[in-house]
K.L.:
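I have a structure here, written as structure tokens, and I will follow up with some questions on it.
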Amino acid sequence: MFRRILIANRGEIALRIMRTAREMGIECVAVYSEFDSGALHTRLADAAFSLGGDLPSESYLDIDKILAVAKKSGAEAVHPGYGFLAENARFAEAVNGAGLAWIGPPPSAIEEMGDKIVSRRCMQEAGVSLVPGLVDPVADAEAAIEAAKGIGYPVAIKAAAGGGGKGIRIVHDPSEMESGFRTAAGEAESAFGDGRLYLERYVLEPRHVEVQVLFDAKGNGVHLGERDCTVQRRHQKLIEESPSPVVDEELRKRMGEVALRAARSVGYVGAGTVEFLYTEAGGSPEFFFLEMNTRLQVEHPVTEMTTGIDLVREQLRVAAGEELGYDQSAITFRGHSIEVRINAEDPLNGFVPSTGTISNLRLPGGPWVRMDSSLFRGMEVGLNYDPMLAKIIVWASDRDTAIARMRRALSEMNIGGVRTSAPAALAVLEDERFQRGRFDTHLLESVALLGDNIVGVRAAAIAATVKRFKAARRRALAGDGGARAGWLERARGLSGQWSGREPGVPYLQGGRFEAREEDLW
């Protein structure tokens with residue numbers, strides 16, 4: 001086993017990897033940008049090295065800087081986490097070329113599965129069912145219109161080098177093709193440096209269901225069941241769960257076999273995820289290969305909770321040359337697990353990013369509640385990095401209890417200083433379609449974001465305002481006569497706006513109590 005590894009990432013995933021590595025007796029080296037100089041992952045690592053700069057391009061995306069730190073620190077292997085360089089074949093090759101172990105799949109597998117056109121060709125050759133569409137890039141909008149005749153509308157225009165929901169546009173008829181093509185190409189070029197696009201049928205009433213696989217270097221492989229990631233906005237996931245409410249034992253077996261065949265076709269090693277689109281729009285269940293993520297997934301904890309397998313531990317074992325040591329018959333599934341991503345964004349204002357300083361922090365706990373987070377009071381939240389702040393993961397013996405447990409956990413959480421996506425997640429959990437398990441990827445678009453919880457929001461606003469009011473009164477009455485006079489003047493004006501209020505403090509305006517959502521969640 002390795003003695004020391006470098007983690008080429010930041011935030012909660014860096015901490016997640018450190019925790020397992022430390023249990024295995026492995027020392028961890030952290031890297032950080034100037035913005036992250038006080039971040040938790042730098043403080044909890046055995047050693048931490050500055051990469052300089054505030055932007056990802058100046059730090060976590062700079063291959064030369066990271067390899068220089070790896071050499072200087074005496075690391076024997078590099079774990080990329082997810083995001084940044086995790087699916088960059090050139091980085092994996094550079095790590096191997098520097099004489100270090102790459103904790104991930106072979107560069108060739110990353111390259112083949114990272115290019116959506118190449119991966120579709122590979123899956124076609126391997127006999128894996130694809131969403132009907134092209135296996136070659138399309139040159140321009142005119143060619144796309146011609147190709148769409150054979151696919152049928154609506155069609156999805158997708159970036160060949162895509163990921164994370166970028167470079168995708170849905171086109172419902174030929175009149176929308178030119179603008180959709182132009183927008184998708186520009187976004188793809190900006191995000192990936194590759195403007196190539198292809199077309200596939202837009203699956204109606206889709207669900208996003210993915211299968212976790214594990215392989216060692218000897219070709220031994222298992223699948224760890226499925227995760228349902230259907231609750232998403234603009235292809236960005238918000239809630240994930242395992243098992244899927246629409247997958248039974250027979251379908252799980254079929255999807256698992258297809259996922260293993262897909263991974264074997266590219267010589268996969270390590271932990272990976274094969275993603276499928278699932279639909280019942282045609283009257284019977286169908287699933288199609290979507291893509292393969294050649295890394296650890298953000299939502300991997302729900303699989304860990306239902307199987308009892310530590311995926312980071314398995315990644316480290318396989319990268320060190322160990323065999324899995326078990327086969328599919330050893331994989332058992334128990335209970336139900338749900339994960340909610342807590343993002344710094346305002347769901348009541350179009351999910352725009354939210355920035356600020358974490359001024360208050362109360363994280364949930366209790367039986368079968370796991371919190372993967374890098375949060376601390378005083379932490380600065382900016383715009384340079386992904387908005388995800390934390391993940392709440394719960395486990396229960398059944399889905400209904402898991403939903404109730406997640407609702408309870410979310411109600412305990414308080415992150416002050418920024419707005420978060422928690423109200424949106426709570427609204428989904430309270431929606432009867434989600435509770436019945438009958439929904440598709442458009443669910444979040446139709447959910448009333450405060451829903452039945454609006455009464456609780458108002459009550460919390462009132463309570464927070466009264467608390468501030470009384471605290472200010474105590475401070476004023478403890479001071480001199482001038483302070484008392486100022487307090488009386490302020491108190492008389494409370495039927496209108498509370499002038500001079502502190503940022504983020506609930507206040508009275510026009511006879512109504514108002515509060516910023518981050519004060520309540």
Side-chain angles (χ1 to χ4, degrees), residues 8-9 13 16-17 20 77-89 91-93 95-96 101-116 118-120 122-123 126 128 130 161-164 208-229 237 240 242 252 255-277 287-304 306-307 309-320 322-324 326-328 331:
N9 218 298
I13 185 55
R16 163 71 190 91
I17 296 164
T20 288
V78 173
H79 196 307
Y82 45 66
F84 295 127
L85 295 168
E87 293 181 282
N88 187 306
F91 181 46
E93 290 173 347
V95 168
N96 290 336
W102 169 252
I103 305 172
S108 59
I110 296 174
E111 195 162 19
E112 286 184 71
M113 285 303 193
D115 188 306
K116 302 302 180 284
V118 173
S119 67
R120 283 175 65 83
C122 289
M123 294 305 98
V128 174
L130 300 172
H208 184 131
V209 181
E210 59 190 32
V211 176
Q212 177 72 58
V213 297
L214 270 175
F215 279 86
D216 62 27
K218 301 286 188 180
N220 303 308
V222 296
H223 76 81
L224 304 183
E226 82 285 351
R227 297 185 287 258
D228 196 308
C229 308
K237 302 167 187 174
E240 300 102 353
S242 182
R252 180 172 301 114
M255 294 183 84
E257 290 172 349
V258 172
L260 290 172
R261 187 161 75 246
R264 280 198 177 94
S265 72
V266 293
Y268 203 82
V269 177
T273 299
V274 180
E275 301 194 349
F276 298 100
L277 282 181
F287 64 92
F288 305 99
F289 173 83
L290 182 61
E291 63 182 3
M292 183 173 188
N293 292 126
T294 54
R295 54 170 167 79
L296 197 65
Q297 291 278 88
V298 174
E299 57 272 23
H300 75 276
V302 294
T303 295
E304 294 181 326
T306 55
T307 63
I309 293 175
D310 183 330
L311 286 167
V312 173
R313 179 183 290 269
E314 298 306 283
Q315 284 187 301
L316 291 165
R317 288 182 56 238
V318 167
E322 295 184 17
E323 294 186 32
L324 288 181
Y326 50 85
D327 60 17
Q328 194 64 46
I331 307 302

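Any value given below was found using the heavy atoms of this structure, including those in side chains, with hydrogens, waters and symmetry copies removed. In what follows, residues are counted from 1 in the order of the sequence shown.
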K.L.:
Report the residue from Arg227, Gln212, Glu226, His223 that forms a side-chain hydrogen bond (donor to acceptor under 3.5 Å, both in side chains) with Thr303.
P.N.:
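Of the listed options, the one satisfying the test is Arg227.
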K.L.:
Going through the checks in order, is the side chain to side chain contact (heavy atoms under 4.5 Å, CB included) test met by Trp102 and Ile110?
P.N.:
CA-CA 12 Å; Trp102 169 252; Ile110 296 174; 3.9 Å; yes
K.L.:
What I'd like to find out is whether the side chain of Leu316 reaches to under 4.5 Å of the side chain of Ile103, using heavy atoms alone.
P.N.:
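Yes - at least one pair of side-chain heavy atoms lies under 4.5 Å apart.
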K.L.:
Which heavy atom of Val95 sits nearest a heavy atom of Ala101, and at what distance?
P.N.:
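Looking at all heavy atoms of both residues, the shortest contact is CG1-O, 3.7 Å.
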K.L.:
So do Leu311 and Leu296 actually touch side chain to side chain, heavy atoms under 4.5 Å?
P.N.:
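Of all side-chain heavy-atom pairs linking Leu311 with Leu296, at least one is under 4.5 Å.
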K.L.:
At what distance, to the nearest 0.5 angstrom, does CD of Glu210 lie from CD of Glu240?
P.N.:
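Between atom CD of Glu210 and atom CD of Glu240 there are 7.5 Å.
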K.L.:
State, with a plain yes or no, whether a side-chain heavy atom of Gln315 is found less than 4.5 Å away from one of His300.
P.N.:
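No. Closest side-chain heavy atoms not under 4.5 Å.
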K.L.:
Taking all heavy atoms of Gly256 and all of Val211, pick out the closest pair and write down the distance.
P.N.:
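Closest pair (atom of Gly256, atom of Val211, distance): CA-CG1, 4.2 Å.
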K.L.:
Can a donor-acceptor pair be found between the side chains of Arg16 and Thr20 at a distance below 3.5 Å?
P.N.:
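Yes, side-chain donor-acceptor contact under 3.5 Å.
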K.L.:
For the atom pair OH (Tyr268) and CG (Leu260), what is the distance rounded to the nearest 0.5 Å?
P.N.:
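Between atom OH of Tyr268 and atom CG of Leu260 there are 12.5 Å.
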K.L.:
If you measure from CZ on Phe276 to CE on Met292, what distance do you get to the nearest 0.5 Å?
P.N.:
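CE of Met292 is found 9.5 Å from CZ of Phe276.
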K.L.:
Under the criterion side chain to side chain contact (heavy atoms under 4.5 Å, CB included), I'd like the reasoning laid out for Ile331 against Leu224: C-alpha separation, chi angles, the key distance, then a yes or no.
P.N.:
CA-CA 7 Å; Ile331 307 302; Leu224 304 183; 3.6 Å; yes
K.L.:
Between the main-chain N or O of Pro80 and the side-chain N or O of Asn9, is there a donor-acceptor pair closer than 3.5 Å?
P.N.:
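Judged by distance alone, yes, a pair lies under 3.5 Å.
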K.L.:
Grab the two heavy atoms, one from Val266 and one from Ala109, that are nearest each other, plus how far apart they are.
P.N.:
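Scanning both residues completely, I find the closest heavy atoms to be O-CB, 3.7 Å.
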K.L.:
Quick one: does Arg295's side chain have a donor or acceptor within less than 3.5 Å of a partner on Gly81's backbone?
P.N.:
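A pair under 3.5 Å: no.
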K.L.:
Looking only at heavy atoms, what is the nearest atom pair of Val318 and Gly270, with distance?
P.N.:
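Val318 and Gly270 have their closest heavy atoms at CG1-N, 4.0 Å.
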K.L.:
Once you round to the nearest 0.5 Å, how far does CZ of Phe84 lie from CD1 of Ile13?
P.N.:
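Interatomic distance, Phe84 CZ to Ile13 CD1, rounded to 0.5 Å: 12.0 Å.
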K.L.:
Under the criterion side chain to side chain contact (heavy atoms under 4.5 Å, CB included), I'd like the reasoning laid out for Leu324 against Glu314: C-alpha separation, chi angles, the key distance, then a yes or no.
P.N.:
CA-CA 8 Å; Leu324 288 181; Glu314 298 306 283; 4.1 Å; yes
K.L.:
How far does CD of Glu275 sit from CD of Gln297, to the nearest 0.5 angstrom?
P.N.:
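Glu275 atom CD to Gln297 atom CD measures 5.5 Å (nearest 0.5 Å).
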K.L.:
Got a donor-acceptor contact below 3.5 angstrom from the Glu87 side chain to the Thr294 backbone?
P.N.:
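Checking the backbone N and O of Thr294 against the side chain of Glu87, a donor-acceptor pair under 3.5 Å is found.
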K.L.:
Using a 4.5 Å cut-off on heavy atoms from C-beta on, say whether the side chain of Val274 contacts that of Phe289.
P.N.:
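Of all side-chain heavy-atom pairs linking Val274 with Phe289, at least one is under 4.5 Å.
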K.L.:
Any chance CD of Glu111 has more than 12 other-residue heavy atoms, nucleotides or ligands included, within less than 6.0 Å?
P.N.:
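Result for CD/Glu111: open.
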K.L.:
Just so I know, are the side chains of Val302 and Thr306 near enough to count as touching, which here means a heavy-atom distance under 4.5 Å?
P.N.:
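Not touching, per the 4.5 Å side-chain cut-off.
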K.L.:
Report yes if some heavy atom in the side chain of Phe288 is under 4.5 Å from a heavy atom in the side chain of Leu290; otherwise report no.
P.N.:
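With C-beta onward as the side chain, the pair stays apart.
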K.L.:
Please round to the nearest 0.5 Å and tell me the distance separating atom CG of Asn293 and atom CE of Met113.
P.N.:
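The CG atom of Asn293 sits 10.5 Å away from the CE atom of Met113.
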K.L.:
Taking all non-hydrogen atoms of both residues into account, name the closest pair between Arg261 and Ala126 and its distance.
P.N.:
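Closest approach of Arg261 to Ala126, heavy atoms only: NE-O, 3.3 Å.
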